[in-house]
Amino acid sequence: MASQSEKKLSISERALASLHEGSAAQNRPAGTENAAYLDGLNNEQREAVLATEGPVLMLAGAGTGKTRALTTRLAHLLHTGRAQPWQILAVTFTNKAAREMKERIEKLVGESVEGMKWLGTFHSIGAQILRRHAELAGLKSSFTILDADDQVRLAKQVIEAANLDPKRWTGRGLAYVIDAWKNRGLTPDKVPANEAYNFAEGKAIDLYRAYQARLTTLNAADFGDLLVHNLTIFQANPDVLEEYQRRFRYMLVDEYQDTNVAQYLWLRLLAQKHKNICCVGDDDQSIYGWRGAEVENILRFEKDFPGAKVIRLERNYRSTPSILGAASGLISSNTARLGKTLWTDLEEGEKVKVRGVWDGEEEARLIGDDIEAEQAKGRSLSDMAVLVRASFQMRAFEERFNTLGLAYKVVGGPRFYEREETRDALSYLRLIRSADDDLAFDRIVNKPKRGLGDKALQVLHKIARAQRRADDDSTAFEVGAQGISLMAASRIALESDDLHAAARRSLVNFVDTIDRWSRDAKDMAPADLAELVLEESGYIDMWKNSKSPQAPGKLDNLKELIQAVSEFDTLEGYLDHVALVSELNEDTGGGQVWLMTLHAAKGLEFPVVFLPGWEEEIFPSKRALDENGNAALEEERRLAYVGVTRAEESCRISFAANRQIYGRWQAAMPSRFIDELPEEHVDVVSEPGLYGNAAGDFASHSSFEGVKLRDDAYYDNPGWRRARAAKSRSAGEPPMIEGRGATVSVSAGASKFKKGQRVFHQKFGYGEIFAVEGQKLTVNFEHSGLKKVIDTFVDAA
DNA sequence: GTATATGATATTTTT
DNA sequence: TATCATATAC
C-alpha cells in the first residue's frame with residue numbers, strides 16, 4: 001500500500017547508512033549495507049544495527065520497532081561473518097522473547113540459527129554454564145533446579161531446624177530475603193553484617209548459610225543460584241572466565257532496564273574482553289523493581305561502559321498521537337529517567353477516555369458493553385484487552401463476560417507447571433532421577449496415601465539428620481544441617497526397628513519401587529516412564545477415585561504432562577525444560593478478549609485497551625507505596641505508562657467510587673495518575689452527579705496541585721466528598737460501606753471533636769466518637785469491616 | 001493416621 | 001469471597 005513512500009525512504013536511508021559505514025566496516029564483505037534485511041528500517045534502527053563495535057545502548061521506547069532492530073542486528077553480525085553463531089551471547093528475560101528472536105533471525109538469515117546455543121534467558125544460559133562447571137560450585141553437574149515453591153519449603157525447613165517460630169518467620173519471608181541478596185549477587189559471606197537484622201532478629205545470614213548448605217546436600221540450585229554460582233566461579237577461576245570472555249565476541253541484552261545487580265555483574269565480567277555489548281531497553285518501562293531489577297543499571301550505562309554509543313529509537317509505529325501524548329505526559333512526572341521524545345505520524349485518533357463510575361460492577365458492565373459495541377462494529381475480540389493492576393481485579397470481569405457470553409482469555413494465573421498434580425508427577429520423576437532429592441521425596445512419599453504420615457516422616461528426618469556422610473568433615477554448626485538424604489535414611493530405617501510394621505512394609509515397597517523405576521528409566525522413553533510411574537504409583541487412581549470437582553481437570557493435566565514429556569528424548573532434558581520454562585503451548589486467543597495484569601502485558605499491543613481500577617491504593621498500589629515510597633510511586637507510574645502505551649487506537653481508563661475487595665465494600669479515590677494525564681489528550685466522561693459536569697467536581701479535583709504521597713488534602717478534596725456524599729444518601733444505591741462496625745483511631749485534628757459527636761469519615765462513613773485522648777480519636781463507625789485503621793480524616797457530620 | 005473445622009490472609013511474579 | 005495451612009476431632 002504505502003510501498004512508494006516506503007521505498008523512497010529506504011533509499012535515502014540507505015544513502016545515510018553508507019556514511020556510517022566508514023567507522024564500522026572492517027572485514028565486512030562489500031555491499032552488505034544493501035542487504036535485504038536492512039530494507040524498511042528507519043535511520044535510528046539502521047544505526048542500531050550497523051554500530052556493531054564497542055558498547056551500545058539502544059534506548060527503545062514503546063512501539064518503536066525494538067525487536068526488529070535487535071534481530072536485524074544479530075542477523076547482520078551473522079551475515080557479515082563478524083561472528084559465528086556460537087560466538088554471540090544473546091540474553092532475554094523470557095523464553096517467549098528468546099523464541100521470538102530465534103524465529104525472526106531465522107527468517108532474516110535462514111540457516112545458522114541452530115548454532116546459536118547462547119541465545120536464551122539469563123537463567124537458561126546461567127544453568128548451561130553452571131552445568132559445565134558445577135564442581136567448582138560444589139555441585140554435581142546433574143543438579144536439580146528448584147522452583148519458587150521448593151525454595152519456600154526449603155526455607156521453611158531451615159527455619160524449623162533453627163527452632164524459630166515458623167509463624168513469626170515464614171518460609172516465604174526467608175526465601176524473599178535470600179532472593180533479594182542473590183539478586184544483588186551476594187553470597188552469605190558477602191552480605192553486610194548490618195543486614196542480618198532484615199529477618200529473624202539477626203539470624204538471617206546464618207539462615208541463608210544453612211539454606212545454601214541444604215542446597216548443596218540436595219545437589220540443587222535455586223533460580224538465583226544459577227547466576228550467583230556463575231559469578232563465584234568466574235571470580236575464583238579466571239581461566240574459566242577468560243574462556244567465556246573470549247568466546248562471546250558479541251553480546252546482546254534485551255530488556256536491560258529489568259536487569260538486577262547479579263545479572264549486571266555477570267554481563268560486565270563477560271563483556272570485559274571484546275566490549276561489544278549492546279544493551280536494549282527503556283527506562284520508562286522498568287516495572288520489576290520489586291524483583292530486584294535496578295533501573296540504575298540502564299541510567300548508568302554510559303559510565304559503566306566508557307565510550308558507549310547511545311542510540312534512541314523514538315519513532316513510534318504503534319499508537320496514535322493522543323495515546324502517545326497522554327502516556328508521555330504521564331511519565332514526565334517521573335524524575336529518574338533518561339528522557340525520550342516519542343513521536344508518530346499516525347493520524348490523531350480518539351482521545352484517551354477517562355470514566356468514573358459508581359462501583360466496580362458498573363465498571364465491568366460498562367467495559368463489557370463497550371466490547372460488545374466494538375465487536376458489533378466488526379472488531380475482533382482478540383483486538384481488545386483489559387489490563388488490571390492486580391489479579392483480584394479480574395474476577396469482576398470474568399463474571400461479567402460470563403453472563404454476557406463473551407469469550408475471554410486470561411493470561412498468566414496459575415501455570416501448568418505450578419499446579420499441584422504437575423508438581424507431584426514431576427516429583428516422582430525427580431526422585432527417580434536423583435534419589436537425593438528430598439523435596440521431591442517429601443512431596444510424594446505419602447501421595448497417594450501409603451500409611452507413611454507425619455510420624456514415619458519424623459523418624460526418617462531424624463535418622464537423616466543424625467547420620468553424617470563419611471566424606472563430610474564439616475564440624476561447623478549449621479542450622480538445618482542434614483547428613484544424608486531421606487531415601488538413604490529410609491534404607492537405614494528399614495534395617496532398624498524404628499518404624500511400625502505397617503509403615504515399614506509400606507516403605508520397603510516404596511523404596512523398592514523407586515529403585516526399580518530408576519533401573520527401568522535407563523532404557524525407557526521418558527514419556528513411557530512417566531506413564532508407567534503415574535499408573536503404578538496409584539497417583540492416577542488417586543484422582544480417579546477423588547470426588548473433588550477439580551479431579552477431572554487434574555487428570556487432563558496429567559495426560560497433557562505425559563504428552564509434553566514425549567517431546568523429549570531424555571528425562572534430564574525434560575526436567576530442565578520444566579524448571580526453566582513455565583509456559584506450555586499457550587493458546588493464541590483467536591476471537592477472545594484478553595484479560596491480564598499490566599505486568600503480563602509488557603511487550604504486547606492491542607488496538608483497544610481498557611485500563612480499569614485507576615484508584616488510589618489500588619493503582620498506585622498502597623502496599624508498594626508503603627514499602628518503597630517514592631521509588632515505588634515512580635514504578636507504579638511506569639506501569640501506568642506501560643498500560644497506556646499498549647494501546648494502538650483506543651485507550652479507556654476508568655475508576656469506581658466504591659469497590660468490593662474480598663467481599664468488603666471500600667470507598668475509593670481516583671488515582672493521582674488520572675490527574676497527571678495531559679488534559680488536551682483526555683476526554684473525561686463521568687457519570688453525572690459523580691464527577692459530573694463542567695462545573696464539576698472532577699474539575700475541582702483535577703485542579704488540585706502538589707499531590708504528594710498519601711497527601712491528606714488530596715483525600716479531603718471537597719469535590720470528591722460532595723459527590724460521594726450526595727450519591728450515598730439516595731435510597732436504593734449500593735451501600736458505600738458494609739460491615740459489622742468497628743473502632744478506628746484517628747490521629748489528626750482531634751482537638752475540635754467531642755465525645756459522643758457524630759462524624760463522617762472519608763472511608764468508613766458515619767460514626768460516633770467514643771473517646772478523645774490528646775491528639776487521638778477513637779470512633780465507632782456504623783459501617784466498617786475493619787478492626788483498626790490509623791487514618792486522619794474525620795469531619796463533623 | 002486421616003477427615004473436618006478453624007482462621008489467617010490475599011500486589012505485581014519474565015526465571 | 002476463596003484459598004491455604006495448621007489445629008482439632010475422630
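Residue numbers begin at 1 in each chain, while the letters A, B, ... track the order of the sequences. What you see is a predicted model; the values in this text were computed from it and never measured.
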Residues A/D284 and A/Q257: side-chain donor-acceptor under 3.5 angstrom: no
Classify the nucleic acid contact of A/K156 as base, sugar-phosphate or nothing, counting any heavy atom under 4.0 Å across all strands shown. sugar-phosphate
Shortest side-chain distance from A/S621, nucleotide among C/dT1, B/dT15, B/dT11: B/dT11
Please classify the nucleic acid contact of A/F122 as base, sugar-phosphate, or nothing, using heavy-atom distances under 4.0 Å. nothing
Hey, are A/R131 and A/D576 close enough for a salt bridge, meaning a charged N less than 4.0 Å from a carboxylate O? yes
Identify whether any heavy atom of A/G603 sits under 4.0 Å from a base atom; if not, whether one sits that close to sugar-phosphate; answer base, sugar-phosphate or nothing. nothing
Taking the six-membered ring for Trp, is the centroid-to-centroid distance between A/F93 and A/F122 below 6.0 Å? yes
A/W594: which of A/L387, A/V411, A/V386 passes side chain to side chain contact (heavy atoms under 4.5 Å, CB included): A/V411
B/dT11 glycosidic torsion: syn (within 90° of 0) vs anti: syn
Let's see if you can work this out: which of B/dG1, B/dT13, C/dT1 has an atom nearest to the side-chain heavy atoms of A/R395? C/dT1
Pick base, sugar-phosphate or nothing for A/E627, based on heavy-atom distances below 4.0 Å to the nucleic acid. base
Nearest of B/dT11, B/dT2, C/dA5 to any side-chain atom of A/N446? B/dT2
Just to confirm, is there a sub-4.0 Å distance from OP1 or OP2 of B/dG7 to any side-chain nitrogen or oxygen of A/K167? no
Just compare B/dT15, B/dT11, B/dG1 and give me whichever is closest to any side-chain atom of A/R389. B/dT11
What does A/E420 touch in the nucleic acid at a heavy-atom separation under 4.0 angstrom: a base, only the sugar-phosphate, or nothing? nothing
Return the pairing partner of B/dT11 with a 3.5 Å limit on both distances, Watson-Crick or G-U wobble; otherwise return none. none
Against the side chain of A/L580, the closest entry in B/dT13, B/dT15, B/dT11 is B/dT15
Could you tell me whether A/Y288 and A/H599 have their ring centroids closer than 6.0 angstrom? yes
Would you classify A/D258 as touching base, sugar-phosphate or nothing, given that sugar-phosphate means primed atoms plus P, OP1 and OP2, and contacts are heavy atoms under 4.0 Å? base
Is there a side-chain polar atom (N or O) of A/T597 under 4.0 Å from OP1 or OP2 of B/dT13? yes
